[in-house]
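To start, the structure under review is shown below, and the notes come after it.
Below, chains carry the letters A, B, ... as their sequence lines are ordered, and counting in each starts from 1.
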Number of protein chains: 2
Amino acid sequence: MQNICINRGTLYDILYMHSFDSTGFFRSVGLRDTLPRRLVITALTEIGRPVSHKEVHEWLKKKRTAINLVTVYRILEKFETLGLVHKQPTSGGFVLCALSAEHGHHGFLSCQQCGTVEEFADPDLCRVENAIARKAGFIPASHLSEIVGICSTCHAA
Amino acid sequence: MQNICINRGTLYDILYMHSFDSTGFFRSVGLRDTLPRRLVITALTEIGRPVSHKEVHEWLKKKRTAINLVTVYRILEKFETLGLVHKQPTSGGFVLCALSAEHGHHGFLSCQQCGTVEEFADPDLCRVENAIARKAGFIPASHLSEIVGICSTCHAA
DNA sequence: AAAATTAATGCAAAATATTTGCATTAACAG
DNA sequence: CTGTTAATGCAAATATTTTGCATTAATTTT
């Protein structure tokens, strides 16, 4: 159930709420089509920026469509395994930085298996990211890149 | 105090513990050179992977150099403002993904001011990241890029 | 269309994690 | 050494996340 891929067209429909066939969608991923789940999708769509569980919960309360906070947790957890929703994957912990923050860029290679994290700095990457930002009319302050995978030691073993 | 830049050579010294002049280092950033601070640096250096506050605390306890968990919080918070330590910057919240996870890549442009997050997919970026991974003998499973800055709307206003 | 099945929800409470206030300790300037 | 004050420790308040179980409601079966 972890790596189910979701059809991009469907996601587009969800985002813009045109003709979103929730029953069909949920059925296709083996879940029931429930009101709380539709409401969470609505909330995320309308809010349109990263939010905490609590914020989703409160947004719904304001709309008088409150559902239990515990349910919000469970729904988002499930959505995450579907790739429908995204949460920063790292342990969220601290790493001592090998490279100064002066570049405003932090790059990490983190191994899923042994948990090792290597830090890197790559001028190409910075350049590409700056270009992306510029194209979007964005003034970049800092970059963060994380590449999750299997390190050489682990896949040798 | 937010954007103090730390000398890269000093960080290298810290990491490898050769001739680390803790007093000089802390003084240069306007902090006192205390045992708990030196211990936290040692812990992060020795552990060498992302850790939670609790893990740092427990590691120190095992070494019989326990310091209070609250202190660990405060030290890491301070270190973070120095850029000595790094923690994923996003609110850590959820975003509804516009793009399917099938590429294994998530790119976000997130505005510091208004909190808006735009999602992007960029083949160049993927290519560069794959190259970085390959060079390090890494088998990449997924990428995450976040560009933090000011969006066009905000800097127009 | 009703009954049966069982996933999903809500509620209460437990477990964790984080923050705050204040008294005490210890860095360090003079 | 002494005084000053940043930094720490402790206790307790808050906030966040998880768990167990009874109930509800979506879907399947008859």
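The backbone N or O of B:I67 lies less than 3.5 Å from a partner atom in the side chain of B:H57, making a donor-acceptor pair.
As judged by a 4.0 angstrom heavy-atom cut-off over every strand, A:I67 is placed among residues touching the sugar-phosphate backbone only. The residue A:L35 sits apart from the nucleic acid: no heavy atom pair falls under 4.0 Å.
Here the shortest heavy-atom pairing between B:H143 and B:C126 reads CE1-O, 3.8 Å. The two residues A:R37 and A:L31 come nearest to each other via the heavy atoms NH1-CB, 3.6 Å. Considering all non-hydrogen atoms of both residues, A:I147 and B:F138 come closest at O-CE2, 4.0 Å.
Within the structure, every side-chain polar atom (N or O) of B:K54 is placed at least 4.0 Å from both OP1 and OP2 of C:dT16. Proximity of B:N68 to the phosphate of D:dT8: no side-chain N or O atom is located under 4.0 Å from OP1 or OP2. Phosphate contact (OP1/OP2 of C:dT9, side-chain N/O of A:T34, threshold under 4.0 Å): present. Note on A:T71: a side-chain N or O is less than 4.0 Å away from OP1 or OP2 of C:dG10.
When the P atom of C:dT9 is taken as reference, atom CZ of A:R38 falls 11 Å away, rounded to whole Å. The interatomic distance linking A:F25 (CZ) with D:dT27 (C1') rounds to 18 Å, in whole Å. Nucleotide D:dT8 holds its C1' atom 14 Å from the CG atom of B:L60, rounded to whole Å. Look at OH on B:Y73: it is 13 Å from P on C:dT16, rounded to the nearest Å. The separation between A:H53 atom NE2 and C:dT9 atom P is 14 Å, rounded to whole Å.
Each of B:P36 and B:V70 was matched to the nucleotide of DNA chain C holding its nearest heavy atom; the match closer to the 5' end belongs to B:V70. Two residues, A:R74 and A:L69, neighbour DNA chain D, and the one matched to the more 5' nucleotide by heavy-atom proximity is A:L69.
For A:R32 against C:dA7, a side-chain-to-base donor-acceptor contact under 3.5 Å is present.
Annotation: the span from A:H53 atom NE2 to A:I75 atom CD1 amounts to 10.5 Å, rounded to 0.5 Å.
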